[in-house]
Amino acid sequence: MSEQLAPIKSAKQLNDEMLSSTRTPTWRWYALAGILGAIVAWGAYAFFYMVTSDMSCTGLCRPVMWGIFIVNFVFWVGLSHSGTMVSSILRLSEANWRRPILRAAEAMTVFTITVAGLFPIIHLGRNWVFYYLMPYPNQRELWPNFRSALLWDATAITTYITGSTLFLYLGMLPDLAVARDRAVGWRRTLYTVLAMGWRGTAREWLIYHKASTLMAALVIPVAVSVHSIVAWDFAVTVVPGWHSTIFPPYFVIGAIHSGVAAVITLMIIIRKVFHLEGYLTPLHFDNMGKLQLVIALLWSYAYFVEVQTTWYAHEPIEWETFSFMSSHYTGPLLTMIIGCSILPVALLCFKAVRRCIPAMLGLTLLINVGMFIERYLIIIPSLSHKNMPYVWRGYTPGWVELSITVAAFAGFALLYTVFSKVFPMVALTDVRELEAREAEVKFGRAKLTAIAGDD
Amino acid sequence: METLGLYNNVEEAAVAVDRLVAAGFTEGQITSLTSVPYPDGVLVKTWRHSILRWITVGSGIAGACAGFLLAAGTAWVYPVQTGDKAIVALYPTGIITYEITMLFAMVGTIVGMFLEMKLPAWGGDRPYDARISEGYVGICVRVDDEKGAERAQQVMKETGALPTIKEAQVIPALEDTA
């Protein structure tokens with residue numbers, strides 16, 4: 001081998017481009033953060049109003065004691081599912097196209113699970129005793145009850161939020177060192193502390209890769225367990241419509257469906273806002289679109305299996321619940337089926353759609369609208385029509401619940417907006433590693449990539 | 001103590017490593033500082049032995065014990081009789097044990113990683129140059145005395161090492177980063 005050809009972009013250029021998101025915020029950024037902050041503040045007011053008055057300001061009433069707060073909880077846990085999981089799978093499978101996507105996906109997981117973790121606490125009637133949810137020795141012999149599914153949720157979410165945060169931090173470690181070396185002021189202090197004195201020695205890289213592989217392998221079963229446990233919140237009860245063995249895998253597939261869609265949506269927004277068209281290319285959307293297609297097919301199959309079992313068995317209580325849901329919520333049900341199944345399966349088969357950014361944005365937003373409706377349709381109709389007809393009753397969320405729901409979306413967006421201003425939104429050392437690996441060297445008359453395969 | 005030489009690219013750094021080895025320094029004394037990873041042997045040969053996996057396994061086992069004791073032990077020590085249900089319920093115990101196992105394993109992996117990297121290490125006698133982040137390659141030699149350092153610096157100078165920045169280590173590439 002001889003003469004190395006000049007790379008297309010220098011390391012400095014790549015750093016400049018990929019760290020551009022951390023530049024001094026513009027007035028538009030402040031305006032966005034201000035609007036989002038105001039919505040979150042309104043949600044906080046609604047929450048404190050609920051705490052200081054009572055739960056009668058919500059739409060909750062017997063028998064529907066799990067309302068939109070739990071819908072939100074399941075939805076946000078579902079969204080959190082894919083970020084870290086997709087990132088882990090792509091890391092383990094050494095898919096090179098993963099590199100520009102990693103940070104957006106991992107950060108999404110951390111913030112969505114943070115939002116999700118708030119909802120069981122918001123849902124509690126007496127929020128100030130939220131610590132009963134945590135697993136600790138009950139020396140007072142009152143609580144916590146380890147048999148309660150809420151306590152499993154708290155344990156699983158604590159594990160997942162810790163693991164996802166560590167996974168995000170691990171991925172950022174070399175990037176923080178790069179950011180440290182070119183930052184000034186408070187940013188330099190922040191990056192210096194977080195980079196832990198990273199210098200990029202050969203030994204540090206070796207251990208770093210071992211740790212990345214281990215964390216990727218560990219975080220996947222945790223992600224699966226979290227949504228399985230959320231599914232068990234429903235499946236281990238005897239409520240008609242919930243008591244189903246297919247719920248855990250069905251929930252996991254649904255979670256991946258909405259999570260992958262959310263990753264694609266965020267990729268599109270980040271790409272546009274931070275001018276990362278050179279890094280998040282149509283190829284990435286094509287590949288993510290294929291992944292979305294496979295998951296849409298799996299989700300459609302799981303939903304069909306769940307419904308056809310109810311339909312064919314025609315067990316009276318189950319059938320009553322299903323009939324009520326399909327007749328009283330026909331519009332949302334059709335929206336869900338079209339948004340989560342028919343349109344994704346029909347359209348994502350086409351490469352032109354997968355590579356069309358506006359089409360992907362519309363489709364992925366529609367999938368998540370459908371998935372929110374799906375969570376709603378699982379929870380509300382089943383509780384409305386439980387075993388005893390004389391307590392059948394509908395549910396309409398009140399202003400407090402709607403305010404908190406909107407504030408949750410704003411809160412997630414705010415966290416993401418602030419994160420994107422402080423930390424690099426593209427895994428820059430991962431991308432630069434790929435550039436170094438794919439740099440061409442002349443070999444005879446041919447040009448070969450500098451580094452083939454793994455070390 | 002360590003001596004740092006900074007090079008424009010991988011090829012120059014590799015030549016420097018060869019010359020350092022020829023000058024009597026061992027592979028174990030030499031390491032590279034890069035902002036992207038290179039396969040073992042491109043610049044230096046790494047001491048590949050690592051106990052990180054065992055730290056992860058050990059942390060997981062510790063987590064399993066902690067989780068089991070928390071769930072089953074709590075139920076056993078502070079029994080809450082509910083109907084005819086078992087005091088130590090297997091299903092919740094299994095879930096709590098599993099989650100705490102994974103939590104400990106993940107935290108253990110990160111702690112083990114930093115232990116093996118010997119981080120955190122802020123400042124101290126650890127030569128570094130911020131230009132490494134911009135694609136330059138550092139070659140660092142661990143020596144016992146000043147004489148060894150002078151010898152290493154001589155080889156580095158002969159192989160085209162750039163002067164390192166010691167005082168101002170900030171590269172003002174992002175001028176508006178404040």
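Quick note: numbers below take in every heavy atom, side chains included, and nothing from hydrogens, waters or symmetry partners. Below, chain A is the first sequence line, B the second, and so on; all start at residue 1.
Only the side chain of B/Thr56 has a heavy atom closer than 4.5 Å to any heavy atom of chain A. The parts of B/Val107 that come within reach of chain A are both its backbone and its side chain, each placing non-hydrogen atoms under 4.5 angstrom from that chain. Of the atoms belonging to A/Pro135, heavy atoms from both backbone and side chain fall under 4.5 Å from chain B. Using a 4.5 Å cut-off between heavy atoms, B/Ala75 makes no contact with chain A at all. Only the side chain of B/Thr46 comes within contact range of chain A, with heavy atoms under 4.5 Å apart. For A/Leu173, the part lying under 4.5 angstrom from a heavy atom of chain B is the side chain only. Neither the backbone nor the side chain of A/Tyr160 comes within less than 4.5 Å of any heavy atom in chain B. When heavy atoms are compared at a cutoff of 4.5 Å, B/Ile110 approaches chain A solely by way of its side chain, counted from C-beta outward. Only the side chain of A/Trp232 comes within less than 4.5 Å of a heavy atom of chain B; its backbone N, CA, C and O stay farther away. Interface remark: B/Phe114 contributes side-chain atoms only to the contact with chain A (heavy atom separation under 4.5 Å). Heavy-atom distances place no part of B/Tyr136 under 4.5 Å from chain A, backbone and side chain included. Contact annotation for B/Lys85: both backbone and side-chain heavy atoms come within less than 4.5 Å of a heavy atom of chain A. With a 4.5 angstrom heavy-atom cutoff, A/Ala211 touches chain B via backbone and side-chain atoms both. Heavy atoms closer than 4.5 Å to chain A are found in the backbone of B/Ala86, but not in its side chain. Contacts between A/Leu428 and chain B at a heavy-atom distance below 4.5 Å are absent for every atom of the residue. Proximity to chain B (any heavy atom under 4.5 Å) is shown, for A/Thr192, by both the backbone and the side chain. With a 4.5 angstrom heavy-atom cutoff, A/Ile207 touches chain B via backbone and side-chain atoms both.
Heavy-atom pairs under 4.5 Å with chain B were tallied for A/Ala156, A/Ala149, A/Gly163; the largest tally goes to A/Ala156. When each of A/Val219, A/Thr429, A/Val193 is checked for heavy-atom pairs under 4.5 Å with chain B, A/Val193 comes out on top. When B/Leu52, B/Thr31, B/Leu70 are compared by the number of non-hydrogen pairs under 4.5 Å with chain A, B/Leu70 comes out ahead. Taking chain B as the reference chain and counting heavy-atom pairs below 4.5 Å, the highest number among A/Ser148, A/Ala179, A/Ser225 is found for A/Ser225.
In plain terms, the two heavy atoms of B/Thr3 and B/Gln153 that are nearest each other are CG2-CG, 3.3 Å. Shown here for A/Phe146 and A/Trp152, the closest heavy-atom pair between the two residues is O-NE1, 2.9 Å. Minimum heavy-atom separation, A/Glu17 to A/Ser20: O-OG, 2.7 Å.
When side chains are defined from C-beta on, A/Arg432 counts as touching B/Ser35, because their heavy atoms get closer than 4.5 Å.
None of B/Glu158, B/Arg151, B/Lys157, B/Glu150 except one satisfies the side chain to side chain donor-acceptor pair (under 3.5 Å) rule with B/Gln154; the exception is B/Glu158.
Ring planes of A/His227 and A/Phe251: tilted class, angle from 30 to 60°.
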Evaluate the side-chain contact (heavy atoms from CB on, under 4.5 Å) criterion for residues A/Trp205 and A/Glu433: first the C-alpha distance (whole Å), next the side-chain angles of each, then the deciding distance (0.1 Å), finally the verdict. CA-CA 12 Å; A/Trp205 280 116; A/Glu433 182 190 355; over 6 Å; no

Run the numbers on A/Leu206 and B/Asp40 for side-chain contact (heavy atoms from CB on, under 4.5 Å), then give the verdict. CA-CA 9 Å; A/Leu206 176 80; B/Asp40 203 39; over 6 Å; no

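If you take OG1 on B/Thr109 and CZ on A/Phe167, they are separated by 11.5 Å, rounding to the nearest 0.5 Å.
One finds a salt bridge joining B/Asp129 and B/Arg131 here, because a Lys/Arg side-chain nitrogen approaches an Asp/Glu carboxylate oxygen to under 4.0 Å.
For residues 154-176 of chain A, the salt bridge (charged side-chain N to carboxylate O under 4.0 Å, His left out) pairs, not counting sequence neighbours, are A/Arg103-A/Asp175.
Between the side chains of A/Thr155 and B/Glu99, no donor-acceptor pair is found at a separation under 3.5 Å. Side chains of B/Tyr98 and A/Thr159: no donor on one and acceptor on the other come within 3.5 Å.
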